[in-house]
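Encoded as structure tokens, the structure appears first; notes follow it.
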There are 2 protein chains.
Amino acid sequence: MDQHTENHAADSDDAPAAEPRLLAEEVVERLRDLIIQGELAPGVKLNERVLCERLRTSRTPVREAIKFLASEGLVELLPNRGAIVTPITAATVREMFVLLGALEALAGELACVNASDAEIAEIRALHYQMLAHHARGELSPYFRCNQQIHLQLIECAGNATLANTYRALNGHVRRARYMANLSQERWDHAVEEHQKILDALSRREGAVLAALLRSHLSNKMQVVLEALGEQMA
Amino acid sequence: MDQHTENHAADSDDAPAAEPRLLAEEVVERLRDLIIQGELAPGVKLNERVLCERLRTSRTPVREAIKFLASEGLVELLPNRGAIVTPITAATVREMFVLLGALEALAGELACVNASDAEIAEIRALHYQMLAHHARGELSPYFRCNQQIHLQLIECAGNATLANTYRALNGHVRRARYMANLSQERWDHAVEEHQKILDALSRREGAVLAALLRSHLSNKMQVVLEALGEQMA
DNA sequence: GGAGGGTATTATGCATACAAAATGTCTTAC
DNA sequence: GTAAGACATTTTGTATGCATAATACCCTCC
């Protein structure tokens with residue numbers, strides 16, 4: 001309610017009808033963040049009463065949010081026993097990265113056709129920003145930049161359905177990535193890959209870009225799986 | 001409540017711990033079917049009171065189901081104005097088929113590696129069943145068989161995450177396909193494509209199968225788009 | 001006669017109350 | 001001492017109530 005005023009200030013920009021925020025939606029986003037950032041760890045039970053107190057709301061929005069996130073796959077419903085944060089297994093991580101690889105490859109191909117020069121320039125800018133973080137050894141900002149690059153790439157594929165699907169899946173694996181501790185060697189290698197990716201995109205070589213992205217994702221998968229305590233080919 | 005007894009009868013089959021059906025889940029499935037089969041047409045408003053009467057329940061499960069389906073993308077939430085069945089546009093149909101193409105291509109590649117001979121045999125059986133329906137001009141059973149083949153193919157890729165993603169997207173496009181009226185020529189062509197698909201799968205030629213599936217999906221898209229009253233390349 | 005505004009009605013959003021299932025605890029019997 | 005059962009507590013699932021936003025309707029004014 002207190003934030004209402006500032007919202008209005010932002011609304012008067014150019015949006016004709018300001019969207020009224022739904023409490024359930026806020027709870028969805030807050031819960032999602034808690035889950036993705038691992039504050040609600042995989043496997044933990046979601047106690048409605050506790051969440052209500054934490055989020056300062058009643059059970060109805062919380063329950064609706066849980067149903068929403070269940071559809072998204074971030075939580076699992078146990079009939080008459082509530083819900084838990086979806087556990088992370090090596091198997092599901094592998095599945096997701098395979099899928100993400102295919103999605104990014106598709107996005108890459110589409111981006112080579114549909115991206116505007118301005119969009120590619122934006123990715124290049126993010127890339128150099130990322131290089132800076134890499135040079136300074138700033139891991140967390142590096143990850144943020146990295147994420148933004150991938151999201152921007154998806155975005156400029158010009159396929160909103162693809163983007164939505166990607167985002168949902170990406171949220172899942174980001175949970176796992178919070179555990180991953182990158183070695184310097186792997187980190188350097190990832191940056192090299194990103195350089196090649198940027199080059200292929202700049203030249204709009206769709207097939208090459210697709211292959212690079214698939215391989216890049218595969219390497220990311222290795223890192224995450226090793227962090228999960230299990231490695232395989 | 002009256003249905004409770006019959007449910008129990010079914011439970012005693014062989015399942016060790018019969019899962020207690022949740023009312024909200026039943027509503028999800030019932031609503032989803034109504035939407036996919038077009039009984040709740042794209043764009044129509046979901047009136048909670050009406051749905052409650054129709055599904056013989058209170059607003060709570062209905063609202064939770066709507067949130068669930070919103071996450072799935074089948075309904076759109078309009079804050080303070082309820083929800084509508086997500087409208088179908090040529091643009092989103094195109095997006096979804098492009099994505100489905102990539103997913104099926106991936107599934108095809110994986111299936112060529114992971115599918116058991118028994119699974120492929122099952123697909124072959126479904127294929128011949130489909131040929132029979134085609135020969136008799138039975139459109140609706142043909143579609144069912146066709147769906148089963150594609151689902152089975154996805155299934156034997158051995159990637160549950162991929163399967164889930166596919167199912168959700170497939171539900172969306174099936175809404176549109178209910179409008180599509182297949183010409184005999186296109187129908188014949190689709191059957192030919194399926195023959196090639198089966199052959200490639202039998203020979204476990206992943207790359208070939210992937211390409212075939214992509215092209216098959218692209219053709220399906222044409223049919224649906226034309227039925228939507230708009231054609232484009 | 002049409003447009004604008006104000007009121008009445010309806011529908012949604014959130015909170016809460018009630019019922020049933022699950023869980024935990026304590027007692028008792030062996 | 002342990003296991004089984006009954007009871008108490010907690011938690012979930014569903015229904016309902018209340019407040020507010022949106023809609024529809026009607027009346028007035030131009």
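In what follows, chains carry the letters A, B, and so on, assigned in the order in which the sequence lines appear, proteins first and then strands, with residues in each chain numbered from 1.
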Distance check needed: dG13(C) C1' versus Leu55(A) CG, whole Å only. 17 Å
From Arg59(A) atom CZ to Arg49(A) atom CZ, the distance as rounded to the nearest 0.5 Å: 10.5 Å
For Val93(A), side-chain contact (heavy atoms from CB on, under 4.5 Å) partners two or more places apart: Ile88(A), Phe97(A), Ala176(A), Val224(A), Leu225(A), Leu228(A)
Pair Glu25(B) + Arg30(B): basic N to acidic O under 4.0 Å: no
Check this for me: does any side-chain nitrogen of one of Glu39(A) and Arg54(A) sit under 4.0 Å from a carboxylate oxygen of the other? yes
Rounded to whole Å, CG of Leu51(B) lies from C1' of dA11(C) at a distance of 13 Å
Exceeds 12 heavy-atom contacts within 6.0 angstrom, atom CZ of Arg167(B): yes
Can you give one letter per nucleotide of nucleotides 10-16 of chain D, 5' to 3': B if a protein heavy atom sits under 4.0 Å from the base, S if only from the sugar-phosphate, - if neither? -SBBBBB
